[in-house]
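Heads up: the structure comes next, in structure tokens.
Remember, predicted model here, so these are calculated numbers, not experimental data. Residue numbers start at 1 and run along the sequence shown.
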Amino acid sequence: MPGQRQTLDSLDTAQRAVVEALEGPVVIYAGAGSGKTRAITHRIAHGCNQKIYEPQKVLAVTFTTRAADEMALRLSALGIRNVATRTFHSAALRQLKYFWPKAIGGETPKVIENKFKVLSAALDKTSLSNSKSSIREYLSIIESAKTNRLEPDSLTNLDHATAYQAYLDFTNKNNIIDFEDVLLLLVAILEDSEDFADEVHQNYQWLTVDEYQDVNPLQQRLLELWLGENRNICVVGDSAQTIYSFAGASSKPLEDFTKKYEDASVFRLNRNYRSKPEIIEYANKLLVQMPSSSASVGSLMSTKEAGEKVAVLPFVNDSAEADWIAQSIVDLLQGGQKETDIVVLARINSQLELVAAALEERGVDFWLQTGERYSIKNRLEPRITLATIHATKGLEWENVFIMGASDGLLPYVQADSDEEIAEELRLFYVAITRAKEKLFITWARSRDTGGKDRIKSRFLTKIDTDTLTKANDETEFAPSKQRHNYKKELMRCTICDKALVSATEVILQRCKICPSPTPKEYLSAGLEWRSNQAIMDDIPEFLVLSNAALEAFVDALYSAKSEEACILIPGVGVEKCAKYFEELATVLAGVNPAEPKLIDLKP
């Protein structure tokens, strides 16, 4: 039978056991890089080839469109089509649109993607703050309440309850719903009608759930409704990779699966096919720091030959760290590595600004991927990836840089409880297991602007020193001495003529201690414009323009420089200059209409 041999060949013993367990409840504890997607797609294909599964009655759900598409591609390569491989939300939305005319009547409400703008409009009808930080806080509360099926009056914080109710009133009035509502409404429909639930049970009789450690209570309830009395469910996950607790995710359903299904078939995949043994050894030393509830898979075993030791490097400040990372990337590229083989990971997206500026200074292309909500579409040409750790779950690269490995960043300063610290440790584990060949972990002893000195991450201090390289305590990045293949001459301050070393100084073309020639009110107007632009584009402010790039852009416009001159500002370039030049110039021209320097920029 076509494809049948393919479903069993090239599988290790544990994977093959998974593939051959075709009926009843199945739980697969799958470690990082252990081939879980291969195992579950081969299992589905084998079930179809054996005529046990009907492809059109198989539903495989996961959490990202990329992962769903990957499963579909692999099944197609195995000769299996018509299997529904979808995200939770896309599967739920299809069913909601199908049942809505019968259950409710009329057209399904429009699904919104930008909840930020909706909540902002809803808050205008209240006395609550409408600041960006407040909106983000309220959105987090609203999303958490919905995933736990809570009403506004159940919230003890009055402001939170008011914001939640205002949001509900606004969406109801305008006949719009968000992605949490899609699940809530479908759950309500299936709970209220046995006939509709039975129809789902007839349509989907074999269910596979990927990344099961990331389900929230609302998704878990929907899974139960999809199943009914059916016991043909296969779940796969790894408690050590639970990193979305802040969004309501919980590994408890995965950990308790064998309590619910005492006769479940249990499999563990811990052979890592991704990373060099030195990286796996490092990851395992993080695993032993985790609570026992995260140990469902156990230590990973590398299948690759020995490689290079993990490099852990401290720097005097953030700029030195960013410059070293950027120049090391240049070194890798000159050594033959492809741009798509390199990633820089950070705990929060603002950390990536300095690296982005340092790469632009060196003429290196990159693209930022800071999470699905703020993701930038990939460009035609391959680029260095700069990303938050949360945005890279399930991905892998040859060379991985993890920056900011200091207390306050990893673990993050807002992580106070034991549970929150444990989540930060799992996040670090996920970051490390993205690396295939080389892993660089860096941290800075202080910010560029001073402040309290940092210390190395507590997660690192517990790891044996024999896995570490010699510390790099250079006080200043000096490419002419330490990076001979960096051909670019050092720029000098346009005010005091001092050599410019940090990426920020290069962008501004002046030392940090030298004052800007532009009056402060112009920069303030630029900052306000950037904030509004970020809201309109639904992206973080630094993705509009970094702080340094914005300040340099404002300086250039105040000096009445041409559009061609502004294109040369690192962090601006052709695309952003074409998009923002006239608009920002108009904003600045309105600050002081009598300013002669801006006479040519008036609208």
Sequence-distant partners of [X], side-chain contact (heavy atoms from CB on, under 4.5 Å), two or more places apart:
| X | answer |
| --- | --- |
| A415 | E420, I421, E424 |
| E180 | K115, E143, K146, T147, D178 |
| L527 | L523, R530, L550 |
| T85 | A60, M71, A72, L75, V83 |

Kindly write out the residues that satisfy ring pair (Phe, Tyr, Trp, His ring centres under 6.0 Å) with [X], not counting sequence neighbours, or none if the list is empty.
| X | answer |
| --- | --- |
| H160 | none |
| F459 | none |
| Y212 | none |
| Y244 | H390 |

Of all the heavy-atom pairs spanning [X] and [Y], show the shortest one and how long it is.
| X | Y | answer |
| --- | --- | --- |
| L150 | Y164 | O-OH, 2.9 Å |
| A322 | L354 | CB-CB, 3.6 Å |
| R268 | A14 | O-CB, 3.9 Å |

Taking the side chain as everything from C-beta on, heavy atoms only, tell me whether [X] gets closer than 4.5 Å to [Y].
| X | Y | result |
| --- | --- | --- |
| I342 | L333 | yes |
| R362 | D323 | yes |
| D318 | R454 | yes |

Here the gap from S546 atom OG to L352 atom CG, rounded to the nearest 0.5 Å, amounts to 12.0 Å

In Å, rounded to the nearest 0.5 Å, how long is the span from CD of E339 to CG of L332?
12.0 Å

Under the side-chain hydrogen bond (donor to acceptor under 3.5 Å, both in side chains) rule, collect the residues that match up with K338, sequence neighbours excluded.
none

Results of side-chain hydrogen bond (donor to acceptor under 3.5 Å, both in side chains) for D12 - residues two or more places apart only:
Y273

If you look only at pairs with a residue in residues 406-416, which of them pass as a side chain to side chain donor-acceptor pair (under 3.5 Å), with sequence neighbours excluded?
D407-R458

Is the NZ atom of K304 crowded by more than 12 outside heavy atoms at less than 6.0 Å?
yes

Who are the salt bridge (charged side-chain N to carboxylate O under 4.0 Å, His left out) partners of K117, not counting sequence neighbours?
none

